[in-house]
Structure formats: C-alpha cells, structure tokens
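See structure below.
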Protein chains: 2
Amino acid sequence: MDIAHRTTDQQKSAEQRRRELLEAADRVVLRDGPKASMNAIAAEAGITKPILYRHFGDKGGLYRALATRHTDALLASLRAALDAPADRRRRVESTLDTYLASIEAMPQVYRFLMHPAEETHQAEQGFDVGRHSAPLLRRMGEELGQVIAERVDLGPAAEAQARIWGHGIVGMMHAAGDWWLGERPCSRAELVRALADLLWGRLAEADDRADGPGF
Amino acid sequence: MDIAHRTTDQQKSAEQRRRELLEAADRVVLRDGPKASMNAIAAEAGITKPILYRHFGDKGGLYRALATRHTDALLASLRAALDAPADRRRRVESTLDTYLASIEAMPQVYRFLMHPAEETHQAEQGFDVGRHSAPLLRRMGEELGQVIAERVDLGPAAEAQARIWGHGIVGMMHAAGDWWLGERPCSRAELVRALADLLWGRLAEADDRADGPGF
DNA sequence: ACTGGGTGTTACCGCAAGTAACGTACTGCT
DNA sequence: AGCAGTACGTTACTTGCGGTAACACCCAGT
C-alpha cells in the first residue's frame with residue numbers, strides 16, 4: 001500500500017532528522033556541559049524548541065538518547081577487549097586500559113554520561129532509589145557479570161556471584177578512574193596494574209605492617 | 001568587652017539557627033529528594049527564602065552543608081568498623097556490612113549524598129572533570145587509602161598503591177551497593193561475602209569454565 | 001533619641017522547561 | 001482541481017525556581 005510506503009519513508013526521514021538533532025545536541029552538550037539549554041541545542045540544530053520536544057518528549061528523553069549513543073559506543077569497545085583471546089589477567093588489564101583510555105580521551109563525554117542532570121520530574125515518590133544513577137554503570141556491570149558467568153567457573157550460586165562481581169568490578173574501575181582523571185597521580189599503566197593486582201588478591205596476601213598503629 | 005560578648009552570643013545563636021535550618025532542610029530533602037526547592041525548605045523552617053541565602057549563600061552551599069553532616073556521620077561509623085581489632089578479612093567484611101546497612105536503613109539520605117543536584121553555576125568551563133562527583137566517595141576513598149597505607153605492608157610505591165586501592169574498593173562497594181539496593185537480588189550477608197571473596201582474589205583463582213564460548 | 005547590625009518580610013528579575021495556537025507544505029484521495 | 005491529513009515549523013505564552021533588592025522591625029550601646 002502507498003500508505004505503508006509513505007509512513008516508512010517518513011519514518012526513515014524522521015530517523016534521519018533525529019540523528020541530525022542528536023549530533024547537534026552532542027556538539028552543544030560537549031561544549032557547554034549538561035547545563036546546555038534546550039534553546040541552545042535547538043539553535044545549534046538550526047530550529048526551535050518545540051521540534052526537539054516533538055522528537056524527544058522532554059529533556060530527559062533527549063539526554064537518554066544521547067547517553068545511549070555514547071554508552072553503546074563505549075560498551076562495544078569494552079566488549080572487544082573483554083572477548084579477546086588471551087589469558088584472564090591480560091583480558092582484565094586490557095579492559096581496564098580501554099576504559100581508562102576512553103575516559104581520558106573524551107572527558108566531556110565521560111562527564112556527561114556519569115553526571116547527567118538529575119531528572120527533575122515529579123512522580124516516583126516511592127523507594128525506587130538508585131534508579132537514577134548513571135545507567136552506563138548498570139549496563140557495564142550487567143554485561144561484565146554475564147561475561148564472568150560465561151567464562152569463569154564459579155561453584156554453585158555462580159550467577160549471583162558473577163553479577164555481584166560484575167557490578168563491583170565496574171564500580172571499582174569507575175571510582176578509581178574518576179579519581180585518577182581528576183588528580184592524575186600516576187600513569188595509566190600504573191593504575192591498570194594496581195587495580196589488576198587488587199583484583200588478583202594482593203590485598204589478602206600482603207602482610208601487616210610491622211610498625212602498625214598500636215597493636 | 002561587651003561588644004565581644006555580644007558578637008559571640010550572636011554567633012552562637014547564629015550557629016544554633018543554622019542547625020535548625022539544616023534540620024528543616026534535612027526533613028524536606030529526605031521527603032522530596034534533591035529536587036526540593038529553596039521555597040519548600042524555607043517554608044518547612046517557618047521562614048522565607050532570603051534567610052536561607054543569608055546563611056548558606058546559595059543552594060549549593062546548603063546542600064554542601066547537609067552533605068557534610070551526613071558524610072561525617074557515615075564516615076565515623078565506617079571508621080569504627082575499619083579500626084576494630086580483628087583480622088583483616090573480618091574488618092573488611094564488617095566495614096562492607098556497616099556501609100550496606102547504612103544505605104539500606106536510610107536510602108533517601110544515601111540518594112541525596114550520591115546524586116546531589118549538579119551545580120548549575122556557570123564558571124569552570126575548563127577541565128575540572130570529575131570534581132563534581134559525590135564528594136562522599138572521594139573522602140571515603142582517601143580515608144580507606146590511608147588506612148591501607150598505615151596497616152598493610154605493600155612494597156615500594158606503597159602509598160600510591162594504597163590510594164588507588166582505597167578509591168577502587170570504595171567504588172566497588174558503592175556500585176555493588178547501589179545495584180543491590182535497587183534490585184535486592186540477595187541478602188546483605190551474601191553480598192558482603194561475595195565482595196570480600198572478590199577482594200580476596202577468588203576471581204584469579206577460579207578456573208575457566210569447561211563449556212566456554214568457542215574455544 | 002539615634003545609630004548599627006541582626007532578624008525578617010514582600011516583591012521583583014532572569015532564565016529555562018515545557019506548551020498552545022497557529023501557519024505551511026507535501027501527499028494521497030475523490 | 002479541490003479537499004483532508006499529517007509532519008514541519010514558528011511565535012508567544014505559562015509556570016516555576018534560583019537568586020536579589022528594597023524595605024521594615026527589634027534591640028543593644030553611645
């Protein structure tokens with residue numbers, strides 16, 4: 001039917017338009033940070049506000065679309081490092097390094113992904129705490145948990161354990177990376193090595209200090 | 001001098017007032033989340049906006065004051081667990097459990113601390129990335145790093161290593177806790193155990209799965 | 001009595017999110 | 001040709017919040 005054709009055509013051009021809008025939004029957000037106003041984004045795209053709202057609903061929708069784009073990209077490169085054919089230690093180090101290199105190369109993107117302006121929406125008065133934290137961390141945690149569950153032989157309760165570890169390791173990587181990016185206390189390689197050592201149980205192996213405090 | 005007396009009296013009552021205001025703000029923020037408006041907080045305190053601004057400068061100042069209060073409280077209880085006279089594994093588990101119990105008991109406080117509304121201020125166009133992430137995490141990371149440096153005998157470059165580990169472990173705890181608080185996939189004790197196991201190197205020890213993907 | 005610094009108020013500004021109402025061009029149907 | 005629908009686009013508005021200016025009161029000390 002022609003109607004079907006028309007709608008598909010329109011959908012296609014709508015998607016095209018959406019992509020253009022997202023790219024404009026990207027430029028503005030990367031330039032101005034998350035405080036970028038809808039007006040500014042619309043201006044950058046050469047249009048006016050209501051069109052943005054027609055496409056993305058509200059500011060949260062636009063930001064979610066943007067975040068998804070970048071998140072997908074980052075996750076793809078992480079997956080590559082994670083799936084490389086190498087021993088586990090090397091895979092871990094390579095994944096850590098990939099992540100750190102990414103946030104080092106695009107700090108503005110990183111900042112946007114990790115600290116997207118809070119949803120100012122009403123509703124959800126209840127106990128949905130935590131639902132607002134950066135979705136990127138959640139996705140990375142779940143993904144890593146799956147990889148661990150697939151590749152590592154944990155005993156019973158393996159899946160629960162794997163998911164916990166996935167989120168934990170991602171959190172470790174994130175917090176250490178965030179701090180490192182701010183203070184730059186050491187090289188990337190040193191950071192990678194220290195984190196991998198931590199995961200490799202060196203905290204458990206190390207002795208107490210002889211000159212400990214008191215006892 | 002009387003003038004001195006007066007000023008001290010006034011300072012004291014000013015501090016008193018400040019505390020009252022903070023408590024009112026606390027109630028509102030815990031009820032409405034970080035979207036609580038200055039008007040609402042002022043109303044809860046029985047006064048009007050400009051007074052809040054006289055005391056705290058701007059919204060960021062108020063939120064910083066609030067956050068400092070809660071952060072201090074949480075850090076104190078963590079320090080207790082961290083400094084208990086027990087072996088390392090037990091201390092780690094007890095610290096994890098203390099943290100998780102806290103965020104479980106006061107999810108609203110937790111949410112406020114971890115996702116304080118972004119500074120909408122201009123300025124700081126530069127590369128101060130990461131400076132905005134929840135200061136609680138930074139403080140916890142630094143503190144833990146110090147404890148590790150004091151108590152654990154790492155080789156050379158011990159301090160750098162300890163700080164990295166401090167931030168990494170705190171991040172692990174935070175991310176896992178955030179996820180756990182949202183989905184409640186297991187009991188607190190199980191989570192504590194799994195995380196401690198992770199830190200104890202069980203990821204390195206475990207074998208590859210026999211039925212791995214492909215190879 | 002008057003001045004100074006504290007407390008408090010009302011009324012306003014600027015700005016950003018989001019919406020309503022309206023106009024326009026293209027496309028298919030009759 | 002003419003009509004209806006629909007997406008594209010605009011201007012102009014409302015609402016709500018952060019923040020401030022201007023003014024009023026009270027109460028010490030000179």
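Order of the sequence lines sets the chain letters (A, B, ...), proteins ahead of strands, with each chain counted from 1.
- Within the 4.0 angstrom heavy-atom criterion, base atoms lie near B:Thr48.
- At least one donor-acceptor pair closer than 3.5 Å links the side chain of B:Glu190 to the backbone N or O of B:Ser187.
- When the nearest nucleotides of DNA chain C are assigned to A:Ala36 and A:Arg54 by heavy-atom distance, the more 5′-ward of the two goes with A:Ala36.
- Side-chain atoms of A:Arg139 do not come within 3.5 Å of backbone N or O of A:Leu75 as any donor-acceptor pair.
- Every residue meeting the ring pair (Phe, Tyr, Trp, His ring centres under 6.0 Å) condition with A:Trp179, not counting sequence neighbours, appears here in chain and number order: B:His167.
- Look at CD1 on A:Ile47: it is 20 Å from P on C:dT24, rounded to the nearest Å.
- For the pair B:Tyr53 OH and C:dT10 C1', the interatomic distance rounds to 16 Å; values are reported in whole Å.
- Taking atom CG of residue B:Asn39 and atom C1' of nucleotide C:dT9, one finds them 13 Å apart after rounding to whole Å.
- In this structure, B:Arg163 forms no cation-pi arrangement with B:Trp165, as its terminal cationic atom is not both closer than 6.0 Å to the ring centre and no more than 45° off the ring axis.
- Counting to the nearest Å, the P atom of D:dC25 and the CD1 atom of B:Ile51 are 16 Å from each other.
- For the pair A:His55 NE2 and D:dC8 P, the computed distance is 5 Å after rounding to whole Å.
- Atom CG in A:Leu62 sits about 10 Å away from atom P in C:dA17, given to the nearest Å.
- Ranking D:dG18, C:dA17, C:dA20 by closeness to the B:Met38 side chain, first place goes to D:dG18.
- One can place NZ of A:Lys49 at 19 Å from P of D:dC8, the figure rounded to the nearest angstrom.
- For the OP1/OP2 pair of C:dG8 and a distance below 4.0 Å, the side-chain nitrogens and oxygens of B:Arg17 include at least one atom meeting the criterion.
- For the pair B:Leu52 CG and C:dT7 P, the computed distance is 13 Å after rounding to whole Å.
- Under 3.5 Å, the side chain of A:Lys59 and the base of C:dG18 form no donor-acceptor pair of N or O atoms.
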